[in-house]
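This report refers to the structure that appears directly beneath it.
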Amino acid sequence: MPRETNAAKRERAIEVCRRLNERYGPVECFLDHANPFRLVISVLLSAQTTDAQVNKVTPELFRRWPTPEAMASATPAEVAEVIKSLGFYKTKAKHAVECAQMIVADYGGKVPADMKELVKLPGVGRKTANIVLNVGFGIVEGIAVDTHVNRIAHRLGLSPKTHAKEPLKTEQDLLKILPKEYWNDVNHQWIMLGREICDARKPRCGECPLADICPSAKMG
DNA sequence: ATCCCGAGGG
DNA sequence: CCCTCTGGAT
């Protein structure tokens, strides 16, 4: 079996994006993104949980501490009490307060619109930073590779199996394959596919719009 | 039981 | 490289 050319991968990846665009329509953020500060905190809280769970706590959270200045003077214990229905709530509360403090101390109370600066914030990695850049600032600098995107890229044969646990390498593979105008689609729509259909354990290939062009679906 | 729309730390 | 943090969904 000859190795697939990059051109073939690109063609397939673009077709993937085209079909997912048809299925999901324009991308949308379901978290509180009224301003970049709220977005950073909301995305930070969303790790390992759902937007719906996050949206249950953010109204009270931002009612009590609406700005970086306000949250900077909260204690992690106070914040933890408000967000305790979420997983990892103690760590997230600590990160939220430290984020607010750093935004005030180092960035004049404004969330930096820059990947290198964003990832300096406690609890903010590339995945979170990518979403903040995309949704909060309209900047497309990379692809937010989470476990879903990672898995889908692997199943579609767009990133080697050896990169399965290295999101940075998966991101680099996708950046090389896909033209930039599709990066934002990956950030949002591939994640939805991963949640609804391309499940880690039991993928529902029978309902998948990509089944006929997916090597993994063909092999079962 | 087992996994997750991550990230920090050892 | 590995572990930890955590509630909720399945």
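A, B, ... follow the sequence lines: proteins, then strands. Residue 1 opens every chain.
Closest approach to the A:A47 side chain among B:dG6, B:dG8, B:dC4 is made by B:dG6 (side chain taken as heavy atoms from C-beta onward). The A:S85 side chain lies nearest to C:dG8 when the options are C:dG8, B:dT2, C:dT6. Closest to the side chain of A:H95, from the set B:dG8, B:dC5, B:dC4, is B:dG8. Of the candidates C:dT6, B:dG6, B:dC3, B:dG6 carries the atom nearest the A:D146 side chain, counting heavy atoms from C-beta on.
A salt bridge is defined here as a Lys NZ or Arg NE, NH1 or NH2 lying under 4.0 Å from an Asp or Glu carboxylate O, and A:R19 with A:E22 fails to meet this definition. Using a 4.0 Å cut-off between a side-chain N of Lys or Arg and a carboxylate O of Asp or Glu, A:E15 and A:R18 qualify as a salt bridge. Ion pair A:E196/A:R204 not flagged as a salt bridge, since none of the NZ, NE, NH1 or NH2 atoms sits closer than 4.0 Å to an Asp/Glu carboxylate oxygen.
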* Asked: Step by step, would you call A:L39 with A:C29 a side chain to side chain contact (heavy atoms under 4.5 Å, CB included)?
  -> CA-CA 10 Å; A:L39 180 61; A:C29 180; 4.2 Å; yes
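Summarising the geometry, the separation between OH on A:Y89 and P on B:dC4 is reported as 23 Å, rounded to the nearest angstrom. We find that CG of A:L45 is positioned 14 Å from C1' of C:dG7, with the value rounded to whole Å. If you take CG of A:L86 and P of B:dC4, they are 19 Å apart, rounded to a whole angstrom. Here the P atom of nucleotide B:dG6 and the CG atom of A:L31 are 11 Å apart, to the nearest Å. Residue A:Q189 contributes atom CD, which lies 17 Å from atom P of B:dC5 at whole-angstrom precision. Between the CG atom of A:D199 and the C1' atom of B:dC5 there is a distance of 13 Å, rounded to whole Å. Going from atom CD of A:E171 over to atom C1' of B:dA7 covers 15 Å, rounded to whole Å. Going from atom NZ of A:K84 over to atom C1' of C:dG7 covers 13 Å, rounded to whole Å.
Contacts of A:K92 with the nucleic acid, taken as non-hydrogen atoms under 4.0 Å apart, are absent. Nucleic acid contact class of A:I191 (heavy atoms, under 4.0 Å, all strands): base. If you check every strand for non-hydrogen atoms under 4.0 Å, A:V149 touches nothing. As judged by a 4.0 angstrom heavy-atom cut-off over every strand, A:L121 is placed among residues touching the sugar-phosphate backbone only.
The distance from the CG atom of A:L86 to the CG atom of A:L45 is 6.0 Å, given to the nearest 0.5 Å.
Mapping A:F30 and A:V124 onto DNA chain B by nearest heavy atom places A:F30 at the nucleotide closer to the 5' end. When each of A:K94 and A:H148 is assigned the nucleotide of DNA chain B bearing its nearest heavy atom, the one mapping closer to the 5' terminus is A:H148. Mapping A:Q48 and A:K202 onto DNA chain C via the closest heavy atom, the residue that lands nearer the 5' end is A:Q48.
Across C:dC1 and B:dC5, the matching C1' atoms stand 25 Å from one another, rounded to whole Å. Taking the P atom of each, B:dG10 and C:dT6 are spaced 16 Å apart, rounded to whole Å.
The side-chain ring of A:F88 is stacked on the base of B:dG6, judged by centre separation under 5.5 angstrom and plane angle under 30 degrees.
Residue A:T128 places no side-chain N or O under 4.0 Å from the OP1 or OP2 atom of B:dG6. Of the side-chain N and O atoms in A:R195, none sit less than 4.0 angstrom from OP1 or OP2 of B:dC5. Proximity of A:K127 to the phosphate of B:dG6: a side-chain N or O atom is located under 4.0 Å from OP1 or OP2.
A donor-acceptor pair under 3.5 Å is absent between the side-chain atoms of A:H95 and the main chain of A:A93, judged by distance alone.
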